[in-house]
Amino acid sequence: MRSTPTVRLHSSLLLPTTALGLAAILLGQVSARAGGRGDGGVAGGSTDCATAVAAVVGDNAFNTTSATASASIPAGGSCSAHTIYKANYFTFTPPTSASYTFSICGNASWDTRIAIMSACPGTSGATSIACDDDACSLQSQTTAALVAGTTYRVIVGGFGSSNGGAGILTIAEGSGGGGGGGGGGLGADVIVGAIPDIAKYGSVVVNGQTIMAYAIGTTSCNIGTAQLEWFAQPDNRHPFIPQNMFRHKDGRLEQIGMSWGKHGFTALQGTLCGACQASSTGNYLGIGCSDPYSAGLNGGQSGLGTRKEVNAATGIFPGTYNSGMPTAPATIGRRLQVNANDLNPSLNAGASYLVEAQYIHAQDAAGGNDNNNASWRALTVGSLSSGAYTLTLTGATIQQRAAIEAWPTFNPAVVLANVDVEGDGRFIVGNYAKDNGNGTWRYEYAVFNMNSDRSGRSFSVPIPAGVTVSNAGFRDVAYHSGDPYDLTDWSISTSGGSVTWTGGTYATNPNGNALRFSTMYNFWFDASTPPQNVAATLGLFKPGAAGAPDAMTAPVKGPSSASIPEDLNGDGAVNASDLSTLLANWGNAGVGDVNGNGSVGAEDLAALLAAWTG
């Protein structure tokens with residue numbers, strides 16, 4: 001537990017130069033336990049990075065109890081600068097070029113941190129590749145695309161100077177799973193083990209738009225160490241299961257549909273995710289057991305509940321749901337609704353589609369296991385029949401990964417970061433920048449609210465002076481079927497040194513358009529300068545406890561400062577050095593020809609003096 005609010009930014013993946021390795025994510029969970037061992041039997045482990053022993057694919061024991069030295073992890077990749085206390089070092093040389101998951105999930109009883117670096121911290125050329133703090137409760141897990149035959153440094157240790165002890169570092173080829181990916185957390189830990197089927201229900205014209213309705217099946221798995229409560233209403237000790245649909249098109253991943261949430265009512269005791277310690281009653285999902293809900297069951301309108309009643313951060317909602325909500329509209333009501341234009345193959349050439357489901361449960365959240373509850377699966381769009389396009393699921397269900405985490409598999413330039421709001425929930429921020437080829441750059445952002453009850457009300461990216469911004473845009477997804485939320489798009493401002501998208505305030509309208517749980521919004525603009533690393537600001541909608549932050553930051557790409565023609569040596573200032581350079585080239589072409597007329601002269605001198613900064 002932390003005594004003061006903290007902002008923790010976690011790397012999700014990736015080495016852009018080895019982006020092909022990210023395709024390994026599509027293989028789903030990979031488990032390899034080879035019983036390998038580092039030198040962790042020695043108190044403190046490999047406290048000397050330069051002589052660290054080699055870790056293997058499988059289990060690597062360590063013990064930091066007597067370690068004293070800390071490691072300063074520099075910002076880089078998508079890691080923010082931070083310190084790992086009581087540091088223990090391993091080397092790791094991957095046998096094949098692929099994504100590798102490094103996990104301490106479930107294998108330590110203390111607050112851990114982990115980082116992957118190209119070399120020892122503080123040495124020449126050392127760069128950060130991936131890092132993590134709390135992927136699974138207080139333990140850590142991270143995934144990185146690595147190159148075969150290259151030796152990397154793996155640093156494990158504590159969040160604070162008092163955090164240390166015995167642990168096991170598990171290395172597996174693939175993206176893993178767990179509390180953000182991994183092998184399961186302590187206590188009850190429910191995930192979407194499979195998305196087995198999809199149902200369609202036709203369409204209805206709403207405000208001139210054809211809206212199609214679907215539902216997806218979900219098979220849950222309890223990968224934790226305790227039985228999961230599963231009592232039907234009027235008891236609220238059961239899962240709430242929202243469904244979403246996404247489209248990837250022209251580099252952008254957008255949410256194009258959402259449903260209300262299915263309320264669970266009884267649990268079978270299957271073996272989808274492994275050996276099952278079955279419960280003797282349907283009021284519990286046993287340890288290791290799975291429970292199938294078909295698409296038809298998840299599409300049953302009477303069992304679908306409004307998202308408005310759910311606090312996703314705590315997993316708490318009323319036992320008797322839909323109080324005051326209208327009855328479900330015919331055909332499409334409460335189901336996974338998608339605008340026909342977002343599916344029409346003739347309007348979406350080259351697009352790819354995903355569906356996502358998520359389990360929200362109070363017992364799971366109380367155990368700190370609620371950041372691995374979403375999984376996704378790909379689908380294809382077929383012909384139009386019975387009022388809706390036929391959708392076909394393809395590939396495997398990618399367990400314990402939200403759909404936004406598939407974005408880098410479509411676009412390797414995408415970088416993801418987890419933003420955890422202390423005492424609340426998690427957002428995942430994705431972004432990338434691309435050269436438009438016409439002197440401008442496109443900046444794309446997507447923010448997914450995994451389970452924050454406080455929700456998002458604004459998103460802002462800093463813009464340096466002199467940078468021209470154009471084509472700013474925004475996309476959200478429509479609530480429906482009587483959910484009372486305002487559908488007004490967020491406003492866009494390009495003044496005041498930033499591009500800022502803003503919704504309403506909680507004080508003005510508690511039902512304003514906020515970025516609520518299991519929902520993703522998109523933001524984009526063009527700018528006249530290439531990218532640099534900046535901090536975007538995510539404003540929060542609901543007020544928090546006394547002293548809680550009203551906004552969080554996330555590392556993203558944003559426009560760099562505009563060049564100053566009079567800054568002849570490029571040091572960021574116009575001063576005597578630039579004046580000397582101009583005078584030395586007086587009357588000639590080239591350096592110092594500020595106005596570009598082919599000769600350095602009085603007009604160039606006047607321009608330089610007018611831009612003088614000293």
Side-chain angles (χ1 to χ4, degrees), residues 195 197-218 240-249 254-263 293-310 321-349 351-358 377 379-393 403 474-489 511 513 516-522:
I195 300 174
D197 59 342
I198 189 165
K200 70 173 183 177
Y201 296 92
S203 62
V204 173
V205 176
V206 180
N207 297 324
Q209 299 292 314
T210 300
I211 305 300
M212 298 178 173
Y214 300 90
I216 57 175
T218 55
F240 179 85
I241 314 164
Q243 308 160 45
N244 298 316
M245 190 179 295
F246 299 82
R247 177 189 62 192
H248 182 266
K249 180 181 176 182
E254 298 174 305
Q255 185 172 357
I256 60 172
M258 63 161 46
S259 74
W260 285 26
K262 170 67 177 177
H263 280 272
Y293 277 18
S294 67
L297 191 60
N298 282 348
Q301 292 171 310
S302 62
L304 291 167
T306 173
R307 297 188 182 205
K308 177 178 171 55
E309 296 176 329
V310 179
Y321 49 87
N322 292 341
S323 176
M325 290 291 107
T327 57
T331 306
I332 65 173
R334 302 182 182 178
R335 291 167 171 151
L336 176 52
Q337 294 189 10
V338 187
N339 190 308
N341 290 335
D342 289 328
L343 294 173
N344 187 334
S346 66
L347 300 177
N348 296 282
S352 299
Y353 293 88
L354 312 172
V355 282
E356 171 193 78
Q358 182 174 348
R377 189 174 178 185
L379 62 85
T380 58
V381 179
S383 60
L384 184 65
S385 65
S386 301
Y389 290 104
T390 299
L391 306 182
T392 302
L393 296 168
F474 168 81
R475 173 158 182 158
D476 59 9
V477 60
Y479 291 92
H480 56 77
S481 305
D483 268 343
Y485 300 127
D486 186 356
L487 301 180
T488 303
D489 283 353
N511 290 326
N513 186 357
R516 293 178 169 83
F517 74 91
S518 195
T519 305
M520 190 179 81
Y521 286 3
N522 292 86

side-chain contact (heavy atoms from CB on, under 4.5 Å) between N322 and W260, intermediate numbers included:
CA-CA 10 Å; N322 292 341; W260 285 26; 3.5 Å; yes
Locate the shortest heavy-atom distance separating [X] from [Y]; write the atom from each residue and the value.
X	Y	answer
E356	A403	OE2-N, 2.7 Å
P326	S481	CG-O, 3.9 Å
Y389	A340	CE1-O, 3.9 Å
Q243	R307	O-NH2, 3.4 Å
I195	R377	O-NH1, 2.6 Å
A199	A295	N-CB, 3.6 Å

Contact between [X] and [Y] at the side-chain level, heavy atoms closer than 4.5 Å - yes or no?
X	Y	answer
N298	L336	no
T210	N339	no
L343	Y214	yes
M212	L384	yes
R516	Y485	yes
P242	M258	no

Just how far is it from atom [atom1] of [X] to atom [atom2] of [Y], taken to the nearest 0.5 Å?
X	Y	atom1	atom2	value
D342	Q255	CG	CD	11.0 Å
E309	D483	CD	CG	9.0 Å
H480	S259	NE2	OG	6.5 Å
L354	H248	CG	NE2	9.5 Å
I198	L379	CD1	CG	5.5 Å
K249	N348	NZ	CG	4.0 Å

Check whether any side-chain N or O of R335 sits under 3.5 Å from a backbone N or O of G299 as a donor-acceptor pair, and report yes or no.
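Such a contact is found between R335 side chain and G299 backbone.
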Check for a donor-acceptor pair, side chain of S203 on one end and backbone N or O of A388 on the other, with a separation under 3.5 Å.
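A pair under 3.5 Å: no.
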Please lay out, stage by stage, how V477 and M520 fare under the test side-chain contact (heavy atoms from CB on, under 4.5 Å).
CA-CA 8 Å; V477 60; M520 190 179 81; over 6 Å; no
Between S518 and N244, do the side chains contain an N or O donor and an N or O acceptor separated by less than 3.5 Å?
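A donor-acceptor contact under 3.5 Å links the two side chains.
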Among N522, T519, N513, side chain to side chain donor-acceptor pair (under 3.5 Å) partner for D476:
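Of N522, T519, N513, side chain to side chain donor-acceptor pair (under 3.5 Å) with D476 is met by N513 alone.
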Suppose we screen for ring pair (Phe, Tyr, Trp, His ring centres under 6.0 Å). Which residues come up paired with Y521, at least two apart in sequence or across chains?
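Ring pair (Phe, Tyr, Trp, His ring centres under 6.0 Å) list for Y521, sorted by chain: F474, W490.
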Could you work out, with ring pair (Phe, Tyr, Trp, His ring centres under 6.0 Å) as the rule, every residue matching Y321, not counting sequence neighbours?
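Y321: ring pair (Phe, Tyr, Trp, His ring centres under 6.0 Å) contacts with H263.
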Could you go through N341 and Q209, starting from their C-alpha distance and side-chain angles, then the distance that decides it, and tell me whether this counts as side-chain contact (heavy atoms from CB on, under 4.5 Å)?
CA-CA 8 Å; N341 290 335; Q209 299 292 314; 3.5 Å; yes
Steps toward side-chain contact (heavy atoms from CB on, under 4.5 Å) verdict (D486, N511):
CA-CA 6 Å; D486 186 356; N511 290 326; 5.9 Å; no
